[in-house]
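Take a look at the structure set out below.
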Amino acid sequence: MGTAIKRRDFPAVIKQARQGVFVLAPKVTVPIAAPVLNIGLLLGERMYKVKADGSSSSITKELDAILGEKYRDITLENTDILFSPEYGLDVIKLLLQLGRNQRFYLPWPGNVDGEMLTYSEPGKFDYKEYNIKDYVDTYIVLR
């Protein structure tokens, strides 16, 4: 079950968490040094190459190749592509599945209200809600 934590509690939580997704509320920065991956750029390039080659590949497979296992901690930026309705992804669940012994830091591209995360706005085609309690090894880092 996911939980919300304060930024000041982050050092204690990170010592215990071998893996997981740390969702950063707006205006919260990553409190440790972690390489930054521009997911939109990297994934867009890979998906374009796959289509140009006439091959078929899933976004999940391509994202897995990007994230790899080289780094234990990774900050993800420009992640809007993952929320595209055409892919039908549960972004948090996907990151948990791909994060084998890794910790991902995801600056949330939407609103954070307690334990609820929203992407986009109600009534829009790409609107999505996430209840952090539905996910294991997931933390919302609040100010």
Determine whether Thr29 and Arg7 satisfy the following criterion, side-chain contact (heavy atoms from CB on, under 4.5 Å), listing intermediate values before the conclusion. CA-CA 9 Å; Thr29 58; Arg7 189 179 187 288; 3.6 Å; yes
Counting heavy atoms not belonging to Tyr127, are there more than 12 under 6.0 Å from its OH? yes
Qualifying residue for side chain to side chain contact (heavy atoms under 4.5 Å, CB included) with Leu76, from Val91, Ile39, Val21, Leu82: Ile39
More than 12 heavy atoms of other groups within 6.0 Å of Asn38 CG: yes
Taking the side chain as C-beta and beyond, is there a heavy-atom pair between Arg100 and Glu69 under 4.5 Å? yes
So, applying side chain to side chain contact (heavy atoms under 4.5 Å, CB included) with Asp137, which one of Leu95, Thr3, Leu96 is it? Leu96
With heavy-atom distances below 4.5 Å as the criterion, would you say the side chains of Thr75 and Pro35 are in contact? no
Going by ring-ring contact (aromatic ring centres under 6.0 Å, His included), Phe22 matches just one of Tyr135, Phe104, Phe10. Which one? Phe10
Hey, what do you get for OH (Tyr87) to CG (Leu94), rounding to the nearest 0.5 Å? 12.5 Å
Step by step, would you call Leu43 with Ile59 a side-chain contact (heavy atoms from CB on, under 4.5 Å)? CA-CA 8 Å; Leu43 193 54; Ile59 192 168; 3.5 Å; yes
Can you name the closest pair of heavy atoms from Gly110 and Pro26 and give their distance? O-CG, 3.9 Å
How are the rings of Trp108 and Tyr130 set relative to one another: parallel (under 30°), tilted (30 to 60°) or perpendicular (over 60°)? perpendicular
Rounded to the nearest 0.5 Å, what separates atom CD1 in Ile132 from atom CE in Met1? 11.5 Å
Measuring from Lys133:NZ to Met116:CE, what's the distance to the nearest 0.5 Å? 12.0 Å
Gln102 versus Ile74: any side-chain heavy-atom pair under 4.5 Å? yes
Path from Val28 to Ile14 over hydrophobic side-chain contacts below 4.5 Å: yes
First locate atom CD1 of Ile140, then atom NZ of Lys6, and finally report the distance between them rounded to the nearest 0.5 Å. 11.5 Å
Could you give the distance from CG (Leu98) to NZ (Lys93), rounded to the nearest 0.5 Å? 12.0 Å
How about Arg72 and Arg18: do any of their side-chain heavy atoms sit closer than 4.5 Å? yes
side-chain contact (heavy atoms from CB on, under 4.5 Å) between Arg46 and Ile66: does it pass, once the steps are laid out? CA-CA 9 Å; Arg46 290 182 78 96; Ile66 290 168; 3.3 Å; yes
What distance do Leu89 atom CG and Thr60 atom OG1 have between them, rounded to the nearest 0.5 Å? 5.5 Å
Heavy-atom side-chain contact between Ile5 and Leu142 under 4.5 Å: no
Min side-chain heavy-atom separation Ile92-Leu117 under 4.5 Å: yes
Side chain to side chain contact (heavy atoms under 4.5 Å, CB included) partner of Leu42, the single match among Ile81, Leu37, Leu63: Leu37
Are Leu106 and Tyr139 connected, step by step, through hydrophobic side chains (Ile, Leu, Val, Met, Phe, Trp, Tyr) whose heavy atoms are closer than 4.5 Å? no
Asp126 side chain near Tyr119 side chain, heavy-atom distance below 4.5 Å: yes
Can you tell me if CZ on Arg143 sees more than 12 non-hydrogen neighbours from other groups inside 6.0 Å? no
Is there side-chain contact between Ile32 and Asp73, with at least one heavy-atom pair below 4.5 Å? yes
Any donor-acceptor pair under 3.5 Å linking the side chain of Thr79 with the backbone of Glu77? no
Please give me the minimum heavy-atom distance between Thr118 and Glu129, naming the atom from each residue. CG2-CG, 3.8 Å
